[in-house]
Every structure is written in structure tokens, then in C-alpha cells.
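Data block below; observations after.
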Amino acid sequence: MDLYTRIGEAPAVTAAVDALYRVILGDTRLSGYFAATDVPRLKEHMVALLSQVLGGPQEYSGRDLRGAHFGLGITPADYDLVGAYLLGILAGLGVDDEVLTAVRGVLTSVADDVVG
């Protein structure tokens, strides 16, 4: 069974992304990154990307991560904070350690495309 199915498919991914953006937008250290962003559209992209990363539908059609984050000046500390929020939210939704480890691995592997 793929990780996407194990976490509860689209409803669980959508719930996680909704919770993540509530936390991010409520954190003054992070909210500025999203001042000029269409957050509902961004959330749709994030649901599609996270679903794909977890082995679900291959529906992500957004820009590549480097292009999408170019020029935003995202610091390593802020990237790590978002990652910690995501992992905490997933853990709070009952996601098992194998899925959390896989998500950690993806966060590590794409950090250079987002930070900077």
C-alpha cells in the first residue's frame, strides 16, 4: 500500500495542507512570504504536490520548486520551521513514522530548490 493510501488519501492531505497554511499564515515569521500570494491556489498546488510525493495521483502541474521559490529569500531557519510544522501536523493526524520519515526525506532533498 502506498503512503498516500496509508495516510487517508485526498481528505487527509487536504486537511493537512489546510492546517499547515493556518499555522504558517498565523506565524509572523512566515506570513510575509505569502503577502502577494493567491493562497487558495497555492493550497491546491500543495495538495497536488504532497499527494504526488506520497505516491498518489500525478496531478501536480505547478512550476518546479526552484522557479516557484526563486527570489523569495527563504532562509534555512524558515524552511525548517515550515517543515517542522508540516511534520507536526501530519503526526497530529495520526500519520505513522514511516510516512513521516519519507516526508522528512523529501523535505531534505528539495531544500536547495526552496531556500535562498
Can you give me the closest heavy-atom contact between [X] and [Y], atom names plus distance?
| X | Y | result |
| --- | --- | --- |
| I89 | V23 | CD1-CG2, 4.3 Å |
| Y79 | L107 | OH-O, 2.6 Å |
| S51 | V13 | OG-CG1, 3.6 Å |
| L93 | A12 | CD1-O, 4.1 Å |
| E59 | Q52 | N-OE1, 3.6 Å |

Contact check, side chains of [X] and [Y], non-hydrogen atoms, under 4.5 Å:
| X | Y | result |
| --- | --- | --- |
| V99 | D96 | yes |
| T75 | D80 | no |
| L100 | L90 | yes |

Sole candidate of D38, D18, T14 that passes side chain to side chain donor-acceptor pair (under 3.5 Å) when paired with K43:
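The option that passes is D18.
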
Under a single-linkage definition using a 4.5 Å side-chain heavy-atom cutoff for Ile, Leu, Val, Met, Phe, Trp and Tyr, are [X] and [Y] assigned to the same hydrophobic cluster?
| X | Y | result |
| --- | --- | --- |
| V106 | L86 | yes |
| L65 | V82 | yes |
| I74 | L25 | yes |

Testing L87, T108, V53, L3 for side-chain contact (heavy atoms from CB on, under 4.5 Å) with V103, which one passes?
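The passing option is L87.
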
Return the CG to OH distance between L50 and Y4, rounded to the nearest 0.5 Å.
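So the gap between those two atoms works out to 9.5 Å.
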
Rounded to the nearest 0.5 Å, how far does CZ of R63 lie from NE2 of H45?
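Atom-to-atom, H45:NE2 and R63:CZ are 8.5 Å apart.
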
Let me see the working for Y85 and D27 under side-chain contact (heavy atoms from CB on, under 4.5 Å), right down to the final yes or no.
CA-CA 11 Å; Y85 281 150; D27 187 324; 2.6 Å; yes

Taking NZ, NE, NH1 and NH2 as the nitrogens, is one of them in D64 or R66 under 4.0 Å from a carboxylate oxygen of the other?
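So D64 does not pair with R66 through a salt bridge.
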
Between L30 and L81, is the side-chain contact (heavy atoms from CB on, under 4.5 Å) condition met? List the steps.
CA-CA 9 Å; L30 302 172; L81 181 57; 3.8 Å; yes

Ignoring hydrogens and geometry, is there a side-chain-to-backbone donor-acceptor pair from [X] to [Y] under 3.5 Å?
| X | Y | answer |
| --- | --- | --- |
| Y21 | P40 | no |
| Y33 | D78 | no |
| E9 | I7 | no |

More than 12 heavy atoms of other groups within 6.0 Å of F34 CZ:
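Counting neighbours around CZ of F34, more than 12 heavy atoms of other residues, nucleotides or ligands fall under 6.0 Å, so yes.
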
Chi angles and distances behind the side-chain contact (heavy atoms from CB on, under 4.5 Å) call for D113, H69:
CA-CA 7 Å; D113 292 333; H69 295 91; over 6 Å; no

